[in-house]
Peer 1: 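To start, I am sharing the structure in question, which I have written as structure tokens.
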Amino acid sequence: MERDTVAKIALHAATYTIDKPYDYLVPPELKDCLKPGMRVIVPFGAGNRRTEGIVLVLENGCSYDPKRKNVLTLLDEEPVLDTQALRLALWMRERYFCTVYDAARAMLPSGLYFSLQDKWSITHGVDREQAYEVAGRSESAKHLLELIYAWGGSAEVAQIKEAFGTRDPNPALKLLRERGILTLETSAERGIGDKTERVASLAISPEDAMALVSGKRRSAPLRYAVVELLCTVGSASAKEICYFTGASNATLRSLEKSGILSLEQREVFRRVTVDGVEPSEPPILNSEQQAAFEGLNALAAAEKPAVALLYGVTGSGKTQVYLRLIQAVLSRGHTAMLLVPEIVLTPQLLRIFTSCFGDDIAVLHSSLRAGERYDEWKRVRAGKARVVIGTRSAVFAPLKHLGLIILDEEQEYTYKSENVPKYHARDVAKFRCAQNDALLVLGSATPSVESMYYAKQGTYHLFTLKQRYNTRALPAVILADMKQELRAGNGTTLSGPLRQAIAKNLSAGEQSILFLNRRGASRMLSCGECGAVPTCPRCSVHLTYHSANGRLMCHYCGHSERVPETCPQCGGTLNFIGFGTQKVQEELQTAFPGVEVLRMDTDTISATHTHEKLLSRFEREKIPILVGTQMVAKGLDFPNVTLVGVVAADLSLYVDDYRAGERTFSLLTQVVGRAGRGEKNGRAIIQTYTPENDVIICAARQDYDTFYEQEINLRRMRGCPPFCDLFVLTASGRMESAVLKTCMRLRRSLEEWLSRPPLDQLNAQLLGPAPASVAKVNERYRYRLTLACRNTREVRAMVAYLLRCAQTDKENKGVSVSADVNPLD
DNA sequence: AGCACGCCGACT
DNA sequence: GTCGGCGTGCTC
């Protein structure tokens with residue numbers, strides 16, 4: 001019996017329902033080079049269409065199986081995922097209801113992605129007559145040959161499909177391939193290549209080299225200069241040598257020919273440099289920080305995994321503790337990772353870490369260019385960078401010997417992915433730490449209710465920093481009751497107390513920041529006469545105005561249209577509406593004529609007017625007032641800002657989400673903390689329509705402990721995390737009635753599972769079907785069921801089973817279903 | 001999801 | 001006879 005080598009492969013073409021490791025035969029020529037974690041091209045399905053896959057396991061000595069197809073092409077020279085990463089992908093499938101391939105792909109930088117292109121061409125050595133003879137009476141085969149010959153003997157699948165229109169080219173393709181007339185080749189193209197440069201170094205000893213050129217110092221000064229340079233620096237890139245000596249490539253080549261120097265290609269890494277950074281000494285910790293550091297360091301050094309919550313009030317110096325901890329981890333030969341919610345909002349942090357670790361850090365986030373991101377990833381994989389700083393997806397960075405992951409501002413929702421796989425970076429980090437006996441540190445000034453609960457339970461270790469490092473008191477906070485303002489005849493967005501405070505700041509020459517509590521500053525148009533708002537034709541959302549292209553756009557499906565001259569409903573005039581930053585800016589300009597007001601939101605931020613440039617202008621030119629959205633809430637540290645105003649604190653409070661209170665508290669706390677960072681004391685004014693609301697009151701007092709106690713009781717009562725997890729099953733499709741029916745069937749199956757042992761013990765709550773928060777996207781209606789219960793393996797297995805059933809069920813034709821745990825909306 | 005197979009009626 | 005429509009079932 002033959003002894004075959006078989007690769008178990010996770011496939012791109014496999015949907016969630018049929019996702020499993022597929023067995024492929026490894027051909028002899030690939031036996032020596034194929035390893036787990038490498039990507040390959042394989043044929044799949046009855047039509048043998050080509051698809052990408054990632055090798056999970058190799059098994060030697062397998063018996064022959066006629067079902068098996070061959071691995072066709074190897075795409076990687078070395079594995080792109082190691083054993084730990086592959087195990088993580090399997091874990092993610094079980095946890096997030098995605099395919100293994102989806103999970104694996106999320107771990108790789110997009111520069112590493114391949115796009116497959118199928119090309120059909122006339123087989124070598126086949127002439128036209130022969131080909132047409134084989135095509136025989138088949139009209140479509142003859143048509144196909146005509147097309148391919150007209151295109152010069154080969155054509156891409158998309159090309160053929162387009163030319164065939166409604167007709168199916170597949171039977172003709174199959175016929176001509178079986179008779180040897182056509183061949184299918186699949187090429188894989190990668191968007192980003194490896195960048196290299198030519199590097200020159202001396203091929204002989206410096207003394208010999210100098211001896212060879214010094215005689216001709218006059219006649220060949222360039223050769224002399226190049227050798228002299230190389231004697232002092234050892235080796236340098238061809239580009240640099242030419243720049244410094246004035247030599248040309250010809251000079252270098254001739255020196256190479258004489259055997260004096262050698263030229264070779266070396267890989268270079270594209271990097272974004274952080275400028276103006278000087279190496280700095282490790283920070284000196286105060287006694288509180290030192291205690292936290294020692295406790296955390298002991299956990300990091302231990303031989304078992306642990307999770308710690310570092311609860312430090314704004315300005316207590318968590319960053320210094322992170323720095324020392326990372327240094328300690330590195331000194332033990334391990335690597336470390338620092339995750340942040342949004343990197344462009346924390347340029348200071350990047351500067352501090354660069355000054356401390358230099359090239360030992362790699363920065364990974366989405367606003368890098370694909371080449372830069374890919375190269376940073378390669379530096380991490382090669383062990384050239386031992387510290388990773390990045391946003392959500394950086395949690396997958398290929399660090400070896402991981403000793404520490406820090407999630408800064410762990411309560412931030414940006415750690416949860418909205419795309420498939422819908423993972424939470426906190427969970428992935430926890431899993432990776434468990435794999436490596438590493439420490440996970442969750443840092444926050446306003447910890448998520450879940451994390452604090454686990455810390456109080458003793459599941460997490462708790463460390464607290466209570467002192468502000470400049471020992472400055474927290475800003476004095478005033479609540480402004482907007483209902484009263486309205487009654488008093490003030491219909492503007494600026495309350496009396498806020499106006500007075502701004503006026504006071506203007507005369508004192510101090511700066512103020514006004515914060516608009518709203519995600520993204522979307523600008524909508526509305527009709528002045530009938531109140532109609534332009535809506536997306538394909539989705540149930542309002543269109544928002546984009547100043548970049550001057551068009552109305554839909555954030556969900558990408559639809560864009562010209563701004564209509566008049567209201568499409570009644571012909572009235574359209575105006576910008578909403579509680580936008582622009583409106584606040586206008587009102588400020590009316591209230592304080594001649595005073596400059598800087599506005600910062602998605603509308604005023606662009607490639608040239610970056611977030612950072614705007615802020616530095618605000619600081620440098622001492623512009624009196626800054627109005628902005630979320631962007632102004634984080635990490636700003638301007639000594640001359642002594643007043644912070646929250647325009648409408650309630651806006652984030654009354655959304656249909658169990659985290660609304662937590663989010664509002666956290667935001668208000670962060671914003672209030674922006675005032676009085678310098679010598680002078682700060683003030684904050686929170687405008688609200690509900691001054692009696694507990695969350696608002698706690699935020700105004702900066703009283704996290706009371707907020708936590710109230711919130712945890714609410715969560716317990718309502719059955720929200722951490723007591724329960726919310727499994728949201730979403731069905732979507734073009735036919736609203738079919739979508740609803742699918743939901744009802746799903747609900748019945750769920751009810752049945754939940755009524756029988758062992759799941760009847762769970763005390764699970766089932767809600768819905770209800771329309772999703774955006775009920776229609778891209779002409780597809782979306783309804784959802786919510787299952788509130790403990791997130792156990794049994795429940796996940798049931799949900800996975802029901803998803804697979806629903807996807808296979810013929811009754812659910814035209815409807816797709818998916819699941820998400822604790823989604824954002 | 002995407003493809004083939006098989007069964008049906010329509011057209012030449 | 002052949003072509004194209006649609007329902008069904010499988011994917012190493």
Side-chain angles (χ1 to χ4, degrees), chain A residues 2 4-27 30 34 36 38-74 90 93 97-102 105 115-118 120 135-144 156-158 160-178 182 184 186 420-421 731-734 738 742 778 780 803-818:
Chain A
E2 275 193 58
D4 287 343
T5 302
V6 165
K8 293 193 175 293
I9 300 174
L11 299 181
H12 186 187
T15 55
Y16 181 68
T17 328
I18 59 164
D19 186 38
K20 64 175 180 183
Y22 286 86
D23 289 354
Y24 284 86
L25 187 64
V26 180
L30 291 180
L34 193 64
M38 287 180 172
R39 291 168 300 169
V40 289
I41 299 178
V42 293
F44 188 63
N48 281 327
R49 74 206 142 94
R50 306 303 152 94
T51 187
E52 192 186 305
I54 185 150
V55 177
L56 301 173
V57 190
L58 285 173
E59 277 171 10
N60 291 306
C62 300
S63 53
Y64 175 74
D65 185 337
K67 266 208 318 261
R68 274 178 215 136
K69 295 173 185 175
N70 269 10
V71 172
L72 295 178
T73 316
L74 180 54
L90 292 169
R93 179 201 54 177
F97 312 103
C98 64
T99 68
V100 175
Y101 181 87
D102 284 337
R105 191 177 161 100
S115 68
L116 299 190
Q117 222 115 52
D118 288 342
W120 288 94
R137 294 168 307 276
S138 167
E139 281 303 321
S140 60
K142 277 192 273 186
H143 181 52
L144 181 62
E156 283 176 14
V157 172
I160 298 173
K161 284 219 167 112
E162 205 198 316
F164 263 65
T166 54
R167 274 199 200 83
D168 184 8
N170 280 322
L173 285 168
K174 203 193 161 205
L175 175 84
L176 292 172
R177 177 160 66 161
E178 278 170 358
L182 290 182
L184 173 65
T186 305
V420 175
S732 70
R734 292 191 115 83
T742 300
N778 233 333
R780 292 176 71 87
L803 282 179
R804 277 193 286 267
C805 289
Q807 279 161 13
T808 330
D809 192 344
K810 287 189 289 293
E811 297 235 49
N812 293 338
K813 217 172 64 177
V815 182
S816 48
V817 283
S818 63

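These values consider heavy atoms only, across backbone and side chains, with no hydrogens, waters or symmetry-generated copies. Residue numbers start from 1 in every chain, and the chains themselves are labelled A, B, ... in the order their sequence lines are given, proteins ahead of strands.
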Peer 1: A:F44 CZ to C:dC12 C1': how many Å, rounded?
Peer 2: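 Taking atom C1' of C:dC12 as the reference, CZ of A:F44 is at 8 Å.
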Peer 1: Quickly work out the A:R804 CZ to C:dG9 P distance and round it to whole Å.
Peer 2: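 Atom CZ in A:R804 sits about 20 Å away from atom P in C:dG9.
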Peer 1: Please list each protein N or O that sits under 3.5 Å from an N or O in nucleotides 1-6 of chain C, with the distance.
Peer 2:
unit_1 : atom_1 : unit_2 : atom_2 : d
C:dG4  : OP1    : A:R167 : NE     : 3.0

Peer 1: Starting at atom CZ of A:R49, determine the distance to atom C1' of C:dT11, rounded to an integer number of angstrom.
Peer 2: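 The distance from CZ of A:R49 to C1' of C:dT11 comes to 8 Å, rounded to the nearest Å.
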Peer 1: NA contact type, A:K20, heavy-atom cut-off 4.0 Å: base, sugar-phosphate, or nothing?
Peer 2: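 The answer is base, as A:K20 lies within the cut-off (heavy atoms under 4.0 Å) of a base atom.
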Peer 1: Check every atom of C:dC12, C:dT11, C:dG9 against the side chain of A:R68 and return the nucleotide holding the closest atom.
Peer 2: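 Of the options given, the side chain of A:R68 lies nearest C:dC12.
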Peer 1: Side chains of residues 40-53 of chain A: which donor-acceptor partners sit under 3.5 Å, not counting sequence neighbours?
Peer 2:
unit_1 : atom_1 : unit_2 : atom_2 : d
A:N48  : OD1    : A:K69  : NZ     : 2.6
A:R50  : NE     : A:N48  : O      : 3.2
A:T51  : OG1    : A:A13  : N      : 3.1
A:E52  : OE2    : A:Y101 : OH     : 3.0

Peer 1: Could you tell me the separation between the CG atom of A:N70 and the P atom of C:dC12, rounded to a whole number of Å?
Peer 2: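 Atom-to-atom, A:N70 to C:dC12, this comes out as 12 Å.
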Peer 1: Rounded to the Å, how far apart are A:K813 NZ and C:dG9 P?
Peer 2: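 The distance from NZ of A:K813 to P of C:dG9 comes to 13 Å, rounded to the nearest Å.
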Peer 1: Using the closest heavy atom to pick a nucleotide of DNA chain B for each, name whichever of A:N170 or A:I18 lands nearer the 5' end.
Peer 2: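 The residue closer to the strand's 5' end, by nearest nucleotide, is A:I18.
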Peer 1: Reading DNA chain B in the 5' to 3' direction, which nucleotide is the first one with an atom under 4.0 Å from a heavy atom of chain A, and which is the last?
Peer 2: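 Going 5' to 3' along DNA chain B, contacts run B:dA1 to B:dC5.
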Peer 1: Can you measure from CD1 (A:I18) to CZ (A:R804) and round to the nearest 0.5 angstrom?
Peer 2: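 Here the interatomic distance stands at 11.5 Å.
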Peer 1: Could you work out which one of C:dC12, C:dT8, C:dG7 sits closest to the side chain of A:Y24?
Peer 2: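 Among the listed nucleotides, the one closest to the side chain of A:Y24 is C:dC12.
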